[in-house]
Undergrad: 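Next up is a structure, given as structure tokens.
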Amino acid sequence: MRVAIVTESFPPDVNGVAHCALQTARHLHRRGHHPLVIAPAGPGEGPADPDASRPYPVLRIPSLPLPGYPQVRVALPSRRLAAALSAHRPDVVHLAGPFVLGARGMTAALRLRIPAVAVYQTDLGGYARTYFGAGENAAWRRIRAVHTAADRTLAPSTAAARDLDDHGVPRVRLWPRGVDAERFTPERRDTALRRTLAPGGELIVGYVGRLAPEKNVELLAPVCALPGVRVVVVGDGPSEPALRAALPGARFLGRRTGDELARVFASLDVFAHTGPQETFCQTVQEAQASGVPVIAPAAGGPLDLVDHGRTGLLVPPRDAAAVAGAVSLLAADPRLRSALGPAGREAVRGRTWEAVGDQLITHYTEVLAARTAVAA
């Protein structure tokens, strides 16, 4: 099968859309399919992919940084997209988090009469509300237009599927995300790193993700004030200067990836996610795979990932006191921590990227079969 993956982000970017697109391309290649990735170019990059070691082609489209958030690149109009689709002759177009480049990919797929599968990954309506205080309806009109044109929309969680259905998006199916339980494992727990992060033997509470307004990392401020607790923040983004001021005593490690990130995850005592707008929340899965007890808001993707009281704790969204209360509970009850961590790892054991990738190929096959039946 020939697949064109049109994605709004791709490594070296570090975010959920980029990571999922990378894992999708890898899995398709391993299964003997022929992926082409089309993604925005980074600063100073040309049309060629900066990582020449990839066993599949990656085309970079000229882009500009999003004002106020340079880590996010927005693809510029380019004829390269349609030309690449025509040359690759895909059986299906995979639109990863479509909004700008993905919308153009959808238009090109319609013109070329190629089936398209659109993967919903980002709560753009919520982002518009967070960043601009308005524009949520306009964002949903854009989402609805792109996804309605697709043959199938894949939602990562039941909450995301419900949002799409409520906004009139048809043909929605569930498609979760995988996790690398071999990389993210309790075996990577590092006592030397723990001594560096918490030299007084404090309970280490970590956050991993973008440092941006929609993540509400400032909710960890009361946790910083808890006796015997050390907050560790991993990631970067536009909110970092404000968060350094808001979280006194917290250790900021910057962006970490790969095995280094896995070592940090496994060395935590508690993982706390604070953002209430997650359509899935990959870092919750990675913490669970690392055997670390999880605290997450009872909203969006975490509702599918965390079984409250068994594989983690759910707290009311945007409630700093509730986050601090959950941390205090886990700090006072080592037996509860010891129960939640292994249960969380067991819950994600079967959620491999191989299993999830094969589910995606099944979605492609069903879409192609439906197109064939309609044509017949």
Side-chain angles (χ1 to χ4, degrees), residues 1-26 28-29 33-122 124 127-128 131 135 138-139 141-154 364:
M1 189 185 305
R2 304 181 70 82
V3 181
I5 301 171
V6 183
T7 176
E8 304 291 339
S9 185
F10 199 69
D13 296 347
V14 179
N15 57 58
V17 173
H19 184 65
C20 186
L22 174 66
Q23 293 292 345
T24 297
R26 283 177 173 173
L28 290 171
H29 176 75
H33 301 287
H34 304 280
L36 162 70
V37 176
I38 304 173
E45 291 177 356
D49 185 46
D51 186 348
S53 68
R54 300 193 209 278
Y56 47 82
V58 177
L59 174 67
R60 298 285 180 167
I61 303 296
S63 68
L64 290 174
L66 187 69
Y69 202 157
Q71 290 90 346
V72 177
R73 309 284 302 185
V74 179
L76 297 171
S78 173
R79 296 179 181 177
R80 293 176 186 168
L81 171 61
L85 290 181
S86 296
H88 189 63
R89 296 178 292 106
D91 299 295
V92 63
V93 174
H94 174 118
L95 307 171
F99 195 69
V100 179
L101 185 60
R104 297 178 194 136
M106 185 70 253
T107 299
L110 288 170
R111 186 168 61 250
L112 296 169
R113 298 183 179 180
I114 304 170
V117 172
V119 181
Y120 178 70
Q121 291 185 248
T122 306
L124 293 168
Y127 280 27
Y131 282 90
R141 283 196 296 272
R142 178 80 162 189
I143 293 167
R144 186 163 50 246
V146 174
H147 285 268
T148 298
D151 293 73
R152 179 170 294 188
T153 286
L154 302 180
Y364 293 163

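Quick caveat: nothing in here was measured; it's all calculated off a predicted structure. Sequential numbering from 1 along the given sequence is applied to the chain's residues.
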Undergrad: Which residues satisfy the side-chain contact (heavy atoms from CB on, under 4.5 Å) test with Asp151, sequence neighbours excluded?
TA: Pro115, Ala116, Val367, Arg371

Undergrad: Could you walk me through whether Thr24 and Thr7 pass side-chain contact (heavy atoms from CB on, under 4.5 Å), step by step?
TA: CA-CA 11 Å; Thr24 297; Thr7 176; over 6 Å; no

Undergrad: Is the closest side-chain heavy-atom distance between Pro35 and Arg26 below 4.5 Å?
TA: no

Undergrad: Go through the structure and list residues passing side-chain hydrogen bond (donor to acceptor under 3.5 Å, both in side chains) with His19, not counting sequence neighbours.
TA: none

Undergrad: Partners of Arg152 by salt bridge (charged side-chain N to carboxylate O under 4.0 Å, His left out), sequence neighbours excluded?
TA: Glu366

Undergrad: Only counting residues at least two apart or in another chain, list the ones meeting side-chain hydrogen bond (donor to acceptor under 3.5 Å, both in side chains) with Arg111.
TA: none

Undergrad: How close do Gln121 and Gly16 get, counting heavy atoms only, and between which atoms?
TA: NE2-O, 3.6 Å

Undergrad: With sequence neighbours left out, write down each residue that passes side-chain hydrogen bond (donor to acceptor under 3.5 Å, both in side chains) with Ser78, or none if nothing qualifies.
TA: none

Undergrad: Give the table of side-chain donor-acceptor pairs shorter than 3.5 Å for residues 92-108, with sequence neighbours excluded, one pair per line with atom names and distance.
TA:
residue : atom : partner : partner atom : Å
His94   : ND1  : Tyr364  : OH           : 2.7
Arg104  : NH1  : Ala75   : O            : 3.0
Arg104  : NH1  : Leu76   : O            : 3.2
Arg104  : NH2  : Ala75   : O            : 3.3
Thr107  : OG1  : Ala103  : O            : 3.2

Undergrad: State which residues pass side-chain hydrogen bond (donor to acceptor under 3.5 Å, both in side chains) with Thr153; sequence neighbours excluded, sorted by chain then number.
TA: His147

Undergrad: Sequence neighbours excluded, which residues qualify as side-chain contact (heavy atoms from CB on, under 4.5 Å) partners of Asp13?
TA: Ser9, Asn15, Ala18

Undergrad: Got a second to check how far Ile61's CD1 is from Phe10's CZ, nearest 0.5 Å?
TA: 13.5 Å

Undergrad: Got a sec, which pairs hit ring pair (Phe, Tyr, Trp, His ring centres under 6.0 Å) with one end in residues 34-57, sequence neighbours left out?
TA: none

Undergrad: Can you tell me how far the CG atom of Leu59 sits from the NE2 atom of His88, to the nearest 0.5 Å?
TA: 11.5 Å

Undergrad: Give me each pair satisfying side chain to side chain donor-acceptor pair (under 3.5 Å) with a member in residues 40-49, each pair once, sequence neighbours excluded.
TA: Asp49-Arg54, Asp49-Arg60

Undergrad: May I ask you to check whether over 12 heavy atoms, not counting those of Arg2, lie within 6.0 Å of atom CZ?
TA: yes

Undergrad: Please check: side-chain N/O of Arg73 versus main-chain N/O of Ser63, any donor-acceptor pairing under 3.5 Å?
TA: yes

Undergrad: For Thr148, check side-chain contact (heavy atoms from CB on, under 4.5 Å) against everything at least two apart and list the hits.
TA: Arg144, Pro170

Undergrad: What distance separates Leu85 CG from Leu36 CG, expressed to the nearest 0.5 Å?
TA: 7.0 Å

